[in-house]
Participant: 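Below you'll find the structure I mean.
Reckoned from all heavy atoms, side chains included, excluding hydrogens, waters and symmetry mates.
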Amino acid sequence: MFSAVESRRLYRQVADQIRSMIATGELAVGQRLPPERELAEKLAVSRPTIREALIVLEVEGLVHIRMGSGIYVARRHTVQPAQPEREPFEGPFELLQARSIIECAIAEEAAQRATSSHIAVLDENLQQMASVVNDTDAALGIDRAFHTAIAGIVGNAALIRFTGEIYDQRMTPYFEKLASHFEGPDSWTRAMEEHRAIRDAIAANDPAAAKQAMRTHLDRSQKRFSEGFGEELFGEDEGGRAAARRNAKI
């Protein structure tokens with residue numbers, strides 16, 4: 001159905017499809033959405049695409065997440081007159097994939113050029129991160145600084161700017177809403193440990209290890225995002241089904 005749609009816009013097309021289901025009453029206000037797997041099969045898209053589409057709808061207030069129970073229609077969608085389409089932005093999972101491709105190569109190059117002064121900057125960043133794992137806003141700034149510092153080792157202004165700009169694309173309501181379902185002290189502590197592995201590989205001037213450490217970090221970041229908005233939120237386990245039955249009786 002969506003095979004001809006540009007990949008970066010696919011989740012927006014899926015969001016439109018679900019809006020239509022709400023507008024027509026196929027999904028009624030208060031109704032629990034079908035399991036993620038079922039929606040993905042019905043709309044012939046991947047499960048991450050369903051997740052990104054539902055984040056759009058949650059930000060718009062059309063659906064509401066009940067932790068451990070599922071995702072419910074919050075209000076009826078009112079069809080608005082057609083408006084000129086805004087330039088679409090990439091979804092969170094696509095951004096993380098792009099970062100993995102580019103930043104792995106940057107880390108590999110940085111490992112060949114790193115000096116003791118560069119490593120000192122990374123060490124200071126890790127110390128700062130350890131002190132703010134309970135503060136997501138502060139952790140985001142320090143996380144960004146870590147990744148741009150690695151690009152800085154390469155000494156290419158375009159790479160530094162690119163790394164900062166692609167990171168900043170996560171500062172959207174959609175990305176922030178997705179992150180809100182899983183980011184916290186535990187996730188930031190794990191990210192810091194992954195940063196340390198990257199730092200150690202760069203300090204050892206080991207390009208292959210630095211590339212792999214960066215890949216591992218960004219792959220795990222994507223997994224944390226995916227799991228943060230996965231089966232637990234849809235209530236696809238037995239506990240979730242039981243919770244949904246209880247909610248239905250209220």
Side-chain angles (χ1 to χ4, degrees), residues 6-8 48 87-176 178-179 182-183 185-226:
E6 192 176 340
S7 61
R8 71 173 183 158
E87 177 65 20
F89 52 82
E90 295 77 7
F93 299 106
E94 194 169 14
L95 282 173
L96 285 169
Q97 182 184 42
R99 287 185 61 197
S100 181
I101 292 170
I102 301 300
E103 292 191 47
C104 285
I106 292 174
E108 182 180 29
E109 184 69 21
Q112 300 178 62
R113 300 176 180 235
T115 66
S116 58
S117 61
H118 292 136
I119 302 307
V121 171
L122 299 182
D123 286 340
E124 181 180 358
N125 180 279
L126 287 169
Q127 291 176 1
Q128 292 174 344
M129 178 66 83
S131 68
V132 298
V133 292
N134 292 305
D135 183 344
T136 289
D137 288 341
L140 279 170
I142 295 171
D143 184 42
R144 183 187 190 279
F146 179 83
H147 288 273
T148 55
I150 292 173
I153 295 173
V154 178
N156 183 296
L159 287 176
I160 297 170
R161 177 168 54 82
F162 172 84
T163 302
E165 288 180 353
I166 196 170
Y167 190 99
D168 291 342
Q169 288 188 56
R170 68 160 290 169
M171 308 302 184
T172 67
Y174 304 96
F175 209 123
E176 290 175 358
L178 178 58
F182 81 94
E183 276 186 342
D186 180 63
S187 67
W188 284 117
T189 298
R190 283 183 284 166
M192 181 179 64
E193 293 168 352
E194 293 157 14
H195 283 189
R196 188 172 300 281
I198 297 168
R199 174 267 181 213
D200 289 346
I202 292 175
N205 298 117
D206 187 335
K211 180 178 181 179
Q212 184 56 51
M214 182 65 78
R215 186 182 308 282
T216 297
H217 168 51
L218 292 174
D219 284 352
R220 288 178 178 174
S221 294
Q222 183 166 340
K223 184 177 180 181
R224 285 191 284 270
F225 269 64
S226 181

Participant: Flag the pair Leu126 / Arg196 as yes when at least one side-chain heavy-atom distance between them is below 4.5 Å, and no otherwise.
Facilitator: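 Yes; the side chains approach each other to less than 4.5 Å.
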Participant: Enumerate the salt bridge (charged side-chain N to carboxylate O under 4.0 Å, His left out) contacts for residues 155-167, please, sequence neighbours excluded, ordered by first and then second residue.
Facilitator: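 Those involving residues 155-167 are Arg161-Glu165.
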Participant: Which pairs, with at least one residue in residues 111-146 and sequence neighbours excluded, count as a ring-ring contact (aromatic ring centres under 6.0 Å, His included)?
Facilitator: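 Matches after skipping sequence neighbours: Phe146-His195.
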Participant: Check step by step if side chain to side chain contact (heavy atoms under 4.5 Å, CB included) holds for Arg99 and His147.
Facilitator: CA-CA 10 Å; Arg99 287 185 61 197; His147 288 273; 3.4 Å; yes
Participant: Which residues pass the salt bridge (charged side-chain N to carboxylate O under 4.0 Å, His left out) test with Asp206, sequence neighbours left out?
Facilitator: none
Participant: Could you state the interatomic distance from CH2 (Trp188) to CD1 (Ile142), rounded to the nearest 0.5 Å?
Facilitator: 9.5 Å
Participant: Is a side-chain N or O of Tyr167 found less than 3.5 angstrom from the main chain of Leu140, in a donor-acceptor match?
Facilitator: yes
Participant: Taking all non-hydrogen atoms of both residues, which atom of Ile166 and which atom of Ala98 are closest, and how far apart?
Facilitator: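 Shortest heavy-atom separation between Ile166 and Ala98 comes out as CD1-CB, 3.9 Å.
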Participant: First locate atom CD1 of Ile106, then atom OG1 of Thr163, and finally report the distance between them rounded to the nearest 0.5 Å.
Facilitator: 3.5 Å
Participant: Test of understanding: with side chain to side chain contact (heavy atoms under 4.5 Å, CB included), list the residues that count as partners of Ala138, not counting sequence neighbours.
Facilitator: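 Ala138 satisfies side chain to side chain contact (heavy atoms under 4.5 Å, CB included) with Val132, Asp135 only.
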Participant: Residues two or more places apart in sequence or in another chain: which of them pass side chain to side chain contact (heavy atoms under 4.5 Å, CB included) with Ser187?
Facilitator: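 With sequence neighbours excluded, Ser187 shows a side chain to side chain contact (heavy atoms under 4.5 Å, CB included) to Phe182, Glu183, Arg190, Arg224, given in chain and number order.
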Participant: Only counting residues at least two apart or in another chain, list the ones meeting salt bridge (charged side-chain N to carboxylate O under 4.0 Å, His left out) with Arg215.
Facilitator: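 Not a single residue meets the salt bridge (charged side-chain N to carboxylate O under 4.0 Å, His left out) criterion with Arg215.
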Participant: Only counting residues at least two apart or in another chain, list the ones meeting salt bridge (charged side-chain N to carboxylate O under 4.0 Å, His left out) with Asp168.
Facilitator: Arg144
Participant: Suppose we screen for side-chain hydrogen bond (donor to acceptor under 3.5 Å, both in side chains). Which residues come up paired with Arg113, at least two apart in sequence or across chains?
Facilitator: Glu109
Participant: So, using side chain to side chain contact (heavy atoms under 4.5 Å, CB included) as the criterion, who are the partners of Ala210 when residues are at least two apart?
Facilitator: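 Checked Ala210 against side chain to side chain contact (heavy atoms under 4.5 Å, CB included); matches are Ala107, Ala111, Ala201, Ile202.
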Participant: Say you draw a straight line from CD of Gln97 to CG of Leu218; how long is it, rounded to the nearest 0.5 Å?
Facilitator: 11.5 Å
Participant: Could you work out, with salt bridge (charged side-chain N to carboxylate O under 4.0 Å, His left out) as the rule, every residue matching Asp200, not counting sequence neighbours?
Facilitator: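 In terms of salt bridge (charged side-chain N to carboxylate O under 4.0 Å, His left out), with neighbours along the sequence ignored, Asp200 is linked to no residue.
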Participant: Got a list of side-chain donor-acceptor pairs under 3.5 Å for residues 153-160, not counting sequence neighbours?
Facilitator:
| unit_1 | atom_1 | unit_2 | atom_2 | d |
| --- | --- | --- | --- | --- |
| Asn156 | OD1 | Ala158 | N | 2.9 |
| Asn156 | OD1 | Leu159 | N | 3.0 |

Participant: Please find the pair of heavy atoms, one from Ala110 and one from Ile150, that lie closest to each other, and give the distance.
Facilitator: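 Looks like CB-O, 3.8 Å.
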Participant: Without swapping roles, check the side chain of Ser100 against the backbone of Leu96 for a donor-acceptor pair under 3.5 Å.
Facilitator: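 Side chain of Ser100 to backbone of Leu96, a donor-acceptor pair under 3.5 Å: no, none is there.
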Participant: Please list all pairs passing the side chain to side chain donor-acceptor pair (under 3.5 Å) test where one or both residues lie in residues 122-133, with sequence neighbours left out.
Facilitator: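 Listed by first then second residue: Asp123-Arg199.
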Participant: Testing the basics here: between Glu108 and Pro207, what is the closest heavy-atom pair and its distance to 0.1 Å?
Facilitator: O-CB, 3.6 Å
Participant: Out of curiosity, Lys211 NZ to Thr216 OG1, how far, rounded to the nearest 0.5 Å?
Facilitator: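 One finds 12.0 Å between NZ of Lys211 and OG1 of Thr216.
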